[in-house]
Protein chains: 2
Amino acid sequence: MPMHKHTHNEIETLRGAGLKVTDARVAVLSQFIKKPIPLSALEIQQALAPSGSDVVTVYRTLSSFEEAGILRKVDLRREAVYYELASHHHHHIVCTDCGLVEDIEDCDVEILSKKVVSGSKKFSAIKDHALEFFGLCRSCVKR
Amino acid sequence: MPMHKHTHNEIETLRGAGLKVTDARVAVLSQFIKKPIPLSALEIQQALAPSGSDVVTVYRTLSSFEEAGILRKVDLRREAVYYELASHHHHHIVCTDCGLVEDIEDCDVEILSKKVVSGSKKFSAIKDHALEFFGLCRSCVKR
DNA sequence: CTTTATTTGCATATGGGTTGCATTTAGAGT
DNA sequence: ACTCTAAATGCAACCCATATGCAAATAAAG
């Protein structure tokens, strides 16, 4: 018995990526659209619980989304792996103490990326890059 | 019965960081000095086996080294956490297929780093940053 | 409506990393 | 050198994120 709350936005994205449109996938994708912040598999599963799908399904969904180019990994130096919408490409400052994440909007590493490829012997193309800054946020600095 | 192969280089580094000079620490540190590439806890332990110390000790050593500023984390998008000598600061291109790592020598993110801080509301200082590029190496592209 | 390849769920396994506690040891003081 | 104590180590057991095998469910094509 499928639910039918599929929005056009999500269905189109999935179809465009050549992925079957399933409730689980739509649900996971909506989480990222609703909250444009880095999310982990566990966080997504908890947000969708108790009606949501199994954790394993969430993991598999995230993998297929990454492979399809819908999501990209973000290294927040936490225990788990975080993902973010690939369309919403930007970088972060992360507090190594409390985990606070702040976005950095303008940051053209693209230019750098090209320079890097032309200077490389072993690589001919870059698919993705990660640029994150780490420090203590103002609250944590006080302590 | 301690061994006495401690080199000056390693002892000085440990003393300078305010850490006790132990066989385990010297052994771990030498691995990084010998091989200036990113290393994981397991890799280090295997390289030192069977005479080396327990894996737990390696984990604790790596943590204390990072806190002391001797090592820095590197995100290679593998299962395990990798470390590298903080003094040997540079970035990488990583093959997402076979794991090949190539160094990028010149890459001044320092300037960028300052710009980022001055533009931030929640952070007043950056301690570290990570910039890594991901793609397929020439060998993996062929397949 | 049927068919089939894909996806999902459940149980179970894996593997990196951590923790508690007893034992050892580096390094400071004598 | 000898003693002392806080810090470091080893071992065993544990935790948690993530993966896998397989049978049941289901999306999408015919």
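Hydrogens, waters and symmetry mates are skipped; everything else that's a heavy atom, side chains included, is used. In this text, all values refer to a predicted model and were calculated from it rather than measured experimentally. Throughout, a chain's letter reflects where its sequence line sits, starting with A, and its residues are numbered from 1.
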For [N], does either OP1 or OP2 sit under 4.0 Å from a side-chain N or O belonging to [X]?
{"X": "T57(B)", "N": "dG10(D)", "value": "yes"}
{"X": "Y59(A)", "N": "dT18(D)", "value": "yes"}
{"X": "S40(A)", "N": "dA17(D)", "value": "no"}
{"X": "T22(B)", "N": "dA7(D)", "value": "no"}

Whole Å only: how far is the [atom1] atom of [X] from the [atom2] atom of [N]?
{"X": "I44(A)", "N": "dA17(D)", "atom1": "CD1", "atom2": "P", "answer": "14 Å"}
{"X": "L39(A)", "N": "dT18(D)", "atom1": "CG", "atom2": "C1'", "answer": "17 Å"}
{"X": "L19(B)", "N": "dA6(D)", "atom1": "CG", "atom2": "C1'", "answer": "14 Å"}
{"X": "D23(A)", "N": "dT7(C)", "atom1": "CG", "atom2": "C1'", "answer": "12 Å"}
{"X": "F65(B)", "N": "dA7(D)", "atom1": "CZ", "atom2": "P", "answer": "17 Å"}
{"X": "L62(A)", "N": "dT18(D)", "atom1": "CG", "atom2": "C1'", "answer": "11 Å"}

Using a 4.0 Å heavy-atom cut-off across all strands, classify V55(A) as base, sugar-phosphate, or nothing.
-> nothing

Should [X] and [Y] count as side-chain neighbours, where that means a heavy-atom distance under 4.5 Å?
{"X": "R77(B)", "Y": "K73(A)", "result": "yes"}
{"X": "Y83(B)", "Y": "L39(B)", "result": "no"}
{"X": "L14(B)", "Y": "L29(B)", "result": "yes"}

Report the C-alpha distance between E84(B) and H92(B) in whole Å, list the side-chain angles of each, state the deciding distance to 0.1 Å, and finish with yes or no for side-chain contact (heavy atoms from CB on, under 4.5 Å).
-> CA-CA 11 Å; E84(B) 195 170 58; H92(B) 311 86; 2.9 Å; yes

Do R60(A) and dG9(C) share a donor-acceptor pair, side chain to base, under 3.5 Å?
-> yes

Residue whose closest nucleotide on DNA chain D lies nearer the 5' end, D54(B) versus K20(B) |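 Result: K20(B).
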
Indicate whether the side chain of E43(B) and that of Y82(B) have a donor and an acceptor atom separated by less than 3.5 Å.
-> yes

Measure from the side chain of V56(B), starting at C-beta and using heavy atoms only, and say which of dA11(C), dA12(D), dA17(D) lies closest.
->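 Per side-chain heavy atoms of V56(B), the pick is dA12(D).
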
